[in-house]
Each structure stands twice: as structure tokens, then as C-alpha cells.
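Each chain gets a letter, A, B and so on, in the order the sequences are listed, and its residues count up from 1. It should be emphasised that the depicted structure is a prediction, and the values quoted were computed from it without experimental measurement.
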2 protein chains.
Amino acid sequence: MTNRRATIADVARVAGVSPSTASVVFSGKTPVSDTTRLRVIEAADSLGYTGPDPRAASLRLGRSGIVAVVVGSSLNFMFVDPVQRLLMDGLAEAVAPLGAGLLLLRRDDELDIENAPTLTTASIDAAVLIGCDGSLRASLPIVQARGIPVVVVEGDAGEGIPRIALDNRDAQRRAAQYVRDLGHARVAIVTLWQDAAGTVGWIAPDAEIAVDVTRDRLQGARDVFPDAPAFACAGSSIDDGFAAGRVLFADPRTRPTAVIAQSDLLAAGVIRAAEDAGLRVPQDVSVTGFDGVPVDGLAPYELTTLVQPATAKGRAAGAAIAAMLDGREPESVNLTSTFRIGNTTSRAG
Amino acid sequence: MTNRRATIADVARVAGVSPSTASVVFSGKTPVSDTTRLRVIEAADSLGYTGPDPRAASLRLGRSGIVAVVVGSSLNFMFVDPVQRLLMDGLAEAVAPLGAGLLLLRRDDELDIENAPTLTTASIDAAVLIGCDGSLRASLPIVQARGIPVVVVEGDAGEGIPRIALDNRDAQRRAAQYVRDLGHARVAIVTLWQDAAGTVGWIAPDAEIAVDVTRDRLQGARDVFPDAPAFACAGSSIDDGFAAGRVLFADPRTRPTAVIAQSDLLAAGVIRAAEDAGLRVPQDVSVTGFDGVPVDGLAPYELTTLVQPATAKGRAAGAAIAAMLDGREPESVNLTSTFRIGNTTSRAG
DNA sequence: TTGTAGGCGTTATCAG
DNA sequence: CTGATAACGCCTACAA
């Protein structure tokens, strides 16, 4: 009744074969005669051996089957965003065939907790950085020094690091053009966060925005409406959009006839605010979103929005990782969004 | 310019010390003289050595610093629920001091993908099973055979496995009592999924429900309103609640004056449906939720609901894991929800 | 088809 | 405070 777990050597001994043979029975890398296989399996059963210890295997093979996903501080915050969720789904799906799972890690610089796991200390085969803005970039040297493949989604990590990007500016421009073609001239923009602090409020016309997504989408809208005022939110949520909408619709004389929101959740909030202000959507105000994700509770509205291939983004990141682990050159990918017309936009009155 | 990464042995050689000494410099387990430490650090720098290889360390130490979280099929689906997100946050927080991170794994039986990582093949120190209903229970023998500590959240895994549970029935009963005390008699219940398939519709009065949460909360409500009709939803979302609400409010003559929803998201949907049917909340219909999570876009309503300690649930699971890894006896915990009165309930007209 | 031998990179133990 | 030694459990040339 020893406490030690059985090892493959034990199994081999009981089965009366050599360790390598027993190993092969489990890995299937080499043909084994049926009788030996059976003996080994039986021995394993009798010992309660459930297969090779992954820890030992990963040392030997140099692979741990784990891909790190570096997220911001709070999982809760991150997964509020449907786009992130779909992204993770795509990623999980794409790395599964590699025998890899996703390890959630926080950013290295948020170490309030003693000896928390980090990119440096975790046994990982690769890392995915999401939204590589500033602070995330600090993680890079670490993984690079360890020689771990990295891929960046929605962000720029510099030379030689594959990126999975979106045509944010182009796509947003297309939506803006559509809005203009509908005859709208008084247009307001509701943006995602403009900085890490999540400063809420009107964005100065000449402000430099450090957050890639926000900047790019804003530029796209400004390509068509150069003077449109832009209001920055703290995050991507209905509540944030609602608060922004309240401000936009506060003054009946200056209120916009169309609002370009940088996410579907924000757009949903803006719509709520419009209703709240006694405005009908789309008759009195047109609203566009971005993302093309199902917004829980938005029915019967169907947003006019840009459908981004969120799951594909994850899959592309997974594919890049697979390539790198294979020793192949990873590709940076630039995905494109599709403009979809819903029932939240109409001709300017 | 060899491609091999430097090992601690290389560092030791360059520093002119023994490998064990070099190791100790990194682990800090034993005092080292400043001069040697410096020499080792310098050697490491010059070789680009970033610290012990986690794979080797985990073999040696028998710890990988990874805790598996077994989720249903889709991350997207799972993380829609704010309760799950908070739970994960608490869990991450609680295992971080152990130097552990969270590995997302799918259920073993959903293996459509060849060689996907599983509870059997991943190097994990412990596992958390969330919502241990039926199919999840299949994972148990596997981990137990491997001698891996397991804790179950919101579900029953049988003997000897620590559980983190909630006072679902008691809590729901308290809410129901409150509703009754307000004078409501025609009450309907909107429930979470009643089976894995997510069958939508009225629940037969004598139906046996296999999903623990749903059953327990339903019993709590029925303790007070034994004959209240219950309508089952497919999931916990505003849209699901809306659909249910539509049915409840379809016939003005039989419509309930109060609805007990089994989650806040469902309650939000029911409220929408009520508005949609021209009913005012709470004047015409009272609605209660369950969970006490912020529902994006629900303002200005503040739900009358049961606030469950979602993050604490995660932390408790983490604590149980910490205990087991420490060789201590883990505790099963029974957390309690707090009844909170919002503005979605009022006296029966 | 099976066995032998060596090493993957660490770290705990124990002796100096 | 430092160093030698021995595992940790497995996999894979290579030889038989």
C-alpha cells in the first residue's frame, strides 16, 4: 500500500517487458504485438496506471501542451466583451489539435500577488497577447528571451512578431460612408477607451490616442466626417454607451441625427439613451455599431454594424502558433469586416 | 551560435560554481554569498538565461503550477454568465499565491478534436469542476485515478470530494416569501435550463429535474407557491428571459402579478417582455432575480434579487485546492446568498 | 518486434 | 555557504 504512483517502469516490470516497450504501447509510435500490448495494458490496469506523467513527458519532449493567453487584470472584465469570448473560442479550437490548452495569465506588471504565475515561470509552449497596448508590450522581452513563440492580436508588438489584425479603419470608413449617403450631416462618434485609465468624455480634436483599436476606428469615421465630435467611453458595454448617449442627446438643438459607435454594446446603449430621450431609432436617430456580435437583450433591433470575424481571429492566432511550433514561418493576418445593414439606420429626416 | 538554450549547468560553468549553487541563487531556498550570487547572475545575463526551465522544474518538484478548470463545450457560452466570470476571477485570485494559473479544459467526452488536451493528458496539479451535472461526473474517475485533487462548484460529485455550494433553495424561498408577503398570489417562475438539451417550455408539475441549481431554486420557490407554474429557459440570458416573459404575459386574463426568475439575466428579459406587453414594473408586475450581478443595460431598474457571493465561491474553491495540495483536509463550503430589495417589486395591486 | 542506455534540466539531500 | 550525487518519469536512437 505504498503511496507512490505507479510509473511506466513499474508497469513494464509487472508486464514483464522493458520500459521502452511499455512506453510505446501508450504512445503508439511503434508497432507492438497484440499479446505484449495486452499484457502491458493489463499491468497498467492492475497498478492503476493512467498513462504517462505529463510533467515528465513535457520535459522529455520539450512541449507542455500549454498556450498562455495574457489578459488584462480581470477575467471578468475581459470576458464581458463578446468579441473576446469568441476570440477565445476560436483560439481554443485552433490549438486543440496541437494537444494544447489555454492558460490564463495576467500581465506581468500587475503582480500584487506574491509568486503568482507569469510568462516567465509558467511552462508554456507559446503565448498570445491580446490588445498589445503599451503595458502588454513589457511582457515581450521576457518571452522572447525564453524563445517562446508569440502572436499578437489587435495590437502591434514590433518586428518579427506575427499579428492578427482587423481592417478597423477601412471598415469604419465604409459604415461612415453609408451614414453619409443616407444624408446625415450632424454625426457624433462614441468611442472605446482612449487610454488605460478609461477617461470618459469628449475627445479633443487633435488628441493623440494610444489605443490602437480606438484610434483606427476613429480615423475611419473621421475620414468621412472630419469634424464629427467624439465621445470616449471607459469600456465596451451597454451602460457605457447609455451614459454617452445621455450626453449626446442632452440638448435637442445640437443632438446628432446619427451616431457611429465603436462597438455593438456601445451602440445598444446609445439606442437605449435615445429611447430614453424620447427619440425613435432609426426615425429620429440612426445608430451604427461595430463587431457584429449578438447583443443580449437588444431585440427587436438589429444593428447596422460591421461584422468582424471574431472567432476567425482566434483561429488565425492559433494557426500562427501552430506554424511557429512547427518551425514554419508564421503569417501575419489582416482580417476584414463585413458591413451589415440592420434596422437601426435610415435616411436623415 | 548554437541554438540550444542555456541551462543552469551552463550558467554554473561560466560562473565557476556548481549547478546546485546556481540553482539556489534562483530559488533563494538557501543563503548564498553576495559575491557568488553576483557571479551567477552575471553569467546568466551573459548567456541569456532567464531562469529555470519550468518543465524541468515541474518534473523535479512534482508541481506544474496549473489548475484545470473544466468547462462546458464553449468558452463563449460559459462566460456569458456574469456569475461564472466572477467565479473565475475569484478562483484565479485564490490560486495565484500558489503560483498557479488556470487552464481551460473542455469536458472529456466532447472530443471531436483529435488529440485535444484533456484531464488525462494535461500536466495539472488540481482540477475544478463547475456545475457537476451528469456528464461532468464522467471526468471524475480519471482525475481521481491520477490522484489529482478535485473540487466541485455547484454540483455534487459524491463522497470525499469537497463541494462549494450555495443555499439555492433557502435563498429562493426567502425571495418567494417576500413576494407572498407583498400580497402576490398569481406567481410564475422562470427557470434556468432543465436538462442538457435546454428544452424550453412549461415544466410538468411532477417533473424530475436533473440540473441541481434549477431544481433547488425551483423547490425554494415552490416551498412558498406550491402550484406556481414554471417555465424553463434554455440558458441564462436576457433573450431567454424575454422569450419566457412573452409567453407569461400573452394572455392578460391569466398573467401573473409576480415573476420569480432564477437568474438576474432572465429577470431582465422578463422585465423587457413586461414593458413590451405594456405592463409597468413593478406597478403591474413584480419581478425578482437571482445572482445579484450587475446586468449591463438594465438601468434604471435595480433588481430585487438574491446576491450570491460569486467571487467568494471561486475563492473558496481556490482555498480548497490550496488545502489539498498542502496535504490538509479540504473543507466543503456552503455559501449563503443575501436578499436584496430593489425597485422591481411592489405590493400586489 | 523488443531491449538497453542515456539524457531532458532541475533541485533536494547531505556531506564538507 | 558550497559542491557532489541522485533522482524526478519518460522517450528515443540504436542495437539485438
Participant: Who passes salt bridge (Lys or Arg N to Asp or Glu O under 4.0 Å) against B/R37, sequence neighbours left out?
Facilitator: B/D34
Participant: What residues in residues 55-68 of chain B put a non-hydrogen atom under 4.0 Å from any atom of DNA chain D?
Facilitator: B/L59, B/R60
Participant: Taking salt bridge (Lys or Arg N to Asp or Glu O under 4.0 Å) as the definition, give me every residue that meets it alongside B/R39, ordered by chain and number, with sequence neighbours left out.
Facilitator: none
Participant: Just checking A/V17: base, sugar-phosphate only, or nothing, at a heavy-atom cut-off of under 4.0 Å?
Facilitator: sugar-phosphate
Participant: Can you tell if the side chain of B/V69 reaches within under 4.5 Å of the side chain of B/L103, non-hydrogen atoms only?
Facilitator: no
Participant: Could you check whether any side-chain heavy atom of A/L104 comes within less than 4.5 Å of a side-chain heavy atom of A/M78, counting everything from C-beta outward?
Facilitator: no
Participant: Ignoring hydrogens and angles, write down the donor-acceptor pairs under 3.5 Å from the side chains of residues 141-153 of chain B, residues two or more places apart or on other chains.
Facilitator:
{"unit_1": "B/R146", "atom_1": "NH1", "unit_2": "B/L119", "atom_2": "O", "d": "2.3"}
{"unit_1": "B/R146", "atom_1": "NH1", "unit_2": "B/T120", "atom_2": "O", "d": "3.1"}
{"unit_1": "B/R146", "atom_1": "NH1", "unit_2": "B/A122", "atom_2": "O", "d": "3.2"}
{"unit_1": "B/R146", "atom_1": "NH2", "unit_2": "B/A122", "atom_2": "O", "d": "3.0"}

Participant: Below 4.0 Å from chain A heavy atoms, what is the first contacting nucleotide of DNA chain C and what is the last?
Facilitator: C/dT1 to C/dG9
Participant: With a 4.5 Å heavy-atom cut-off, do A/T35 and A/L38 have their side chains touching?
Facilitator: no
Participant: Does anything in residues 43-52 of chain A come within less than 4.0 Å of DNA chain D? Heavy atoms only, and list the residues if so.
Facilitator: A/Y49, A/P52
Participant: What are the two closest non-hydrogen atoms of B/A43 and B/S46, and how far apart are they?
Facilitator: O-OG, 2.8 Å
Participant: Does B/E154 pair with B/K313 as a salt bridge, N-O distance under 4.0 Å?
Facilitator: yes
Participant: Test of understanding: with salt bridge (Lys or Arg N to Asp or Glu O under 4.0 Å), list the residues that count as partners of B/R63, not counting sequence neighbours.
Facilitator: none
Participant: Compile the donor-acceptor pairs under 3.5 Å between side chains in residues 314-326 of chain A and protein atoms, sequence neighbours left out, one pair per line.
Facilitator:
{"unit_1": "A/R315", "atom_1": "NH1", "unit_2": "A/E93", "atom_2": "OE2", "d": "2.9"}
{"unit_1": "A/D326", "atom_1": "OD2", "unit_2": "A/R328", "atom_2": "NH1", "d": "2.9"}

Participant: Apply salt bridge (Lys or Arg N to Asp or Glu O under 4.0 Å) to A/D81 and list each qualifying residue two or more places apart in sequence or on a separate chain.
Facilitator: none
Participant: What pairs of nitrogen or oxygen atoms, one from the protein and one from nucleotides 13-16 of chain D, lie under 3.5 Å apart?
Facilitator:
none

Participant: Looking at five pairs on each end of the helix from C/dT1-D/dA16 to C/dG16-D/dC1, what is the angle between the two axes, given to 10 degrees?
Facilitator: 30°
Participant: Hey, does A/I124 have a side-chain heavy atom less than 4.5 Å from the side chain of A/V67?
Facilitator: no
Participant: Using atom types as modelled and distance alone, determine if a side-chain donor or acceptor of A/R55 lies under 3.5 Å from a backbone N or O of B/R55.
Facilitator: no
Participant: I want to check something: taking the side chain as every heavy atom from C-beta on, are A/D89 and A/L87 in contact at a cut-off of under 4.5 Å?
Facilitator: no
Participant: Looking at side-chain heavy atoms only, is the closest gap between B/I8 and B/D10 below 4.5 Å?
Facilitator: no
Participant: Where along residues 30-37 of chain A does a heavy atom fall under 4.0 Å from DNA chain C?
Facilitator: A/T30, A/P31, A/V32, A/S33, A/T36
Participant: Please examine the side chains of B/T118 and B/L105, heavy atoms only from C-beta on, and report whether any two atoms are closer than 4.5 Å.
Facilitator: no
Participant: Could you pull out the closest heavy-atom pair between A/Y49 and A/A6, with the gap in Å?
Facilitator: CD1-O, 3.4 Å
Participant: Report the distance from atom CG of A/D53 to atom C1' of D/dA7, rounded to the nearest whole Å.
Facilitator: 14 Å
